Amino acid sequence: MISVAIVEDEKFYNNTLKRLLDIHKEFVCIAQLYTGSDALVQLPSLRPDVVLMDLHLQDHTGSAIIKQLKDQLPETSFVVITSFEDDEKVYESFRAGAVGYLIKGESMENIVKAIHDAFNGGVPMSNAIAQKVVRFFRDQETKPNKSMGLSKTEQQVLELLAKGQQYKEIAYSKNVSVETVKKHISNIYRKLGVGNKVEAINFLRQNS
C-alpha cells in the first residue's frame, strides 16, 4: 500500500483526488488537508509515502511547505499539482524539494502513474513541464560547459534523471545494468556533495 496525503484548499478538487485514491486498492489516503498550517502540523506525524501538494494555498505556498518539511520527511515524495506553468514556479518547487510537477487537468490515469513513479524514485512531470526541462538542458548546450567534475556519462545520467527517467529506463537507454546506473548516481552525489536526486538536479540548474 502507498500512503498518500492530499494538501489542496479547493474542496471539490481535493475530494476528486480522494475518490481517485479510493478506487485504486494500492493507495490509502491518510489525510485530506485544506491549509498549509494543517499540513505543517500533521504531515510530520503522518509520514505519508507521497504528498499531492497544491502550490497556492490560502495561508502558505506549497513550495514553502515542502521546503520546511523535506528534512523532517526524507522518505516522503512531494508531487506538486497546480494550475501554474511558469518557469519560476516550476524551478522554485524543485529547489524546495518536490520530486514531481503536474498541471491540474491531467487525466486521472496520469495522476495514478505519477504517484507510482514518485514512490518508485521517478520524477513525474506533465508534458508541458517536461518540455521546459528539456529546453533548459538544450539551452545549456549553447553555454560554456561546466561539468562540475562529472564525467560525460555521469552528466548524461544526471540529465536523464532530471527528465524524470527511473533507474531502469536510464539503464535501458544507456545499455547498461541498473547497478551500473546506481554506481554512476552514487558518484554524482559524491562529486556534487549532495544526498539525493532532487539536490543533484537543483545543483545542476544553479551551477550551469
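No experiment lies behind these values; they were computed from the predicted model shown.
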- request: Assess whether side-chain contact (heavy atoms from CB on, under 4.5 Å) is satisfied between T76 and V50, documenting all intermediate values.
  value: CA-CA 6 Å; T76 297; V50 177; over 6 Å; no
- request: I would like to know whether R47 and E75 meet side-chain contact (heavy atoms from CB on, under 4.5 Å); could you show each step before the answer?
  value: CA-CA 8 Å; R47 308 191 75 80; E75 303 302 319; 5.7 Å; no
task: Test side-chain contact (heavy atoms from CB on, under 4.5 Å) on V157 and E154 and set out the steps.
output: CA-CA 5 Å; V157 168; E154 290 165 350; 5.6 Å; no
message: Evaluate V198 against R95 for side-chain contact (heavy atoms from CB on, under 4.5 Å), listing each step before the verdict.
response: CA-CA 8 Å; V198 173; R95 282 194 296 269; over 6 Å; no
- prompt: Does the ring-ring contact (aromatic ring centres under 6.0 Å, His included) test come out yes or no for H184 and Y189, once each step is laid out?
  reply: CA-CA 9 Å; H184 284 315; Y189 292 174; over 10 Å; no
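Of the possible polar contacts, none joining the T61 side chain to the H56 backbone as a donor-acceptor pair under 3.5 Å is found. Side-chain atoms of S126 do not come within 3.5 Å of backbone N or O of I129 as any donor-acceptor pair. In this structure, the side chain of D59 does not engage the main chain of T35 through any donor-acceptor pair within 3.5 Å.
Minimum interatomic distance between L40 and P44 (heavy atoms only, all atoms of both residues): O-CD, 3.3 Å. Between L55 and S63, the shortest heavy-atom distance links the atoms CD2-N, 3.8 Å. Contact between Y34 and E8 at its shortest, heavy atoms only, is CD2-O, 3.3 Å. When all heavy atoms of L102 and M125 are compared, the closest pair comes out as CD2-C, 4.0 Å. Annotation for Y101 and F84: closest pair OH-O, 2.7 Å, computed over non-hydrogen atoms. Residues L33 and N14 approach most closely at O-ND2, 3.1 Å, considering heavy atoms.
Residues L21 and L17 are not in side-chain contact: their nearest non-hydrogen atoms beyond the backbone lie 4.5 Å or more apart. The shortest distance between side-chain heavy atoms of E179 and K182 falls below 4.5 Å. V80 places none of its side-chain heavy atoms less than 4.5 Å from the side chain of F78. For the pair V51/V4, no side-chain contact is recorded, criterion being any heavy-atom separation below 4.5 Å from C-beta on. With contacts defined as side-chain heavy-atom distances shorter than 4.5 Å, the pair L57/V7 qualifies. By the 4.5 Å heavy-atom criterion applied to side chains, I81 and D54 are not counted as neighbours. Residues V123 and D117 fail the side-chain proximity criterion, which asks for heavy atoms closer than 4.5 Å. No side-chain heavy atom of L20 sits less than 4.5 Å from a side-chain heavy atom of D22.
Under the 3.5 Å distance criterion, with hydrogens and angles disregarded, no donor-acceptor pair is assigned to the side chains of N120 and Q166. One side chain, E26 or H116, offers a donor N or O that lies under 3.5 Å from an acceptor on the other.
One finds the NZ atom of K70 at 9.0 Å from the CD atom of E199 (value rounded to the nearest 0.5 Å). Taken from CE in M53 to OG in S77, the straight-line distance is 12.5 Å, to the nearest 0.5 Å. In this structure, the separation between CG on D38 and CG on L43 is 9.5 Å, given to the nearest 0.5 Å. A distance of 4.5 Å separates CD1 in I115 from CZ in F27, rounded to the nearest 0.5 Å. Rounded to the nearest 0.5 Å, atoms SG (C29) and NZ (K18) are 5.5 Å apart. K104 NZ to T16 OG1: the interatomic distance, rounded to the nearest 0.5 Å, is 10.0 Å.
There is no path of hydrophobic side-chain contacts, each under 4.5 Å, that joins I66 to F119. Hydrophobic clustering (ILVMFWY, side-chain heavy atoms < 4.5 Å, transitive): I103 and F94 are in one cluster. Linking Ile, Leu, Val, Met, Phe, Trp and Tyr whenever their side-chain heavy atoms come within less than 4.5 Å leaves V41 and I30 in two separate clusters. Taking hydrophobic clusters as Ile, Leu, Val, Met, Phe, Trp and Tyr residues chained together by side-chain heavy-atom distances below 4.5 Å, V181 does not share a cluster with Y172. In terms of hydrophobic clustering, with Ile, Leu, Val, Met, Phe, Trp and Tyr side chains grouped at heavy-atom distances under 4.5 Å, Y167 and V99 are assigned to different clusters.
The residues E92 and K89 are annotated as not salt-bridged, no charged nitrogen and carboxylate oxygen being separated by less than 4.0 angstrom.
For K67, the NZ atom is loosely surrounded, since the number of other residues' heavy atoms within 6.0 Å does not exceed 12.
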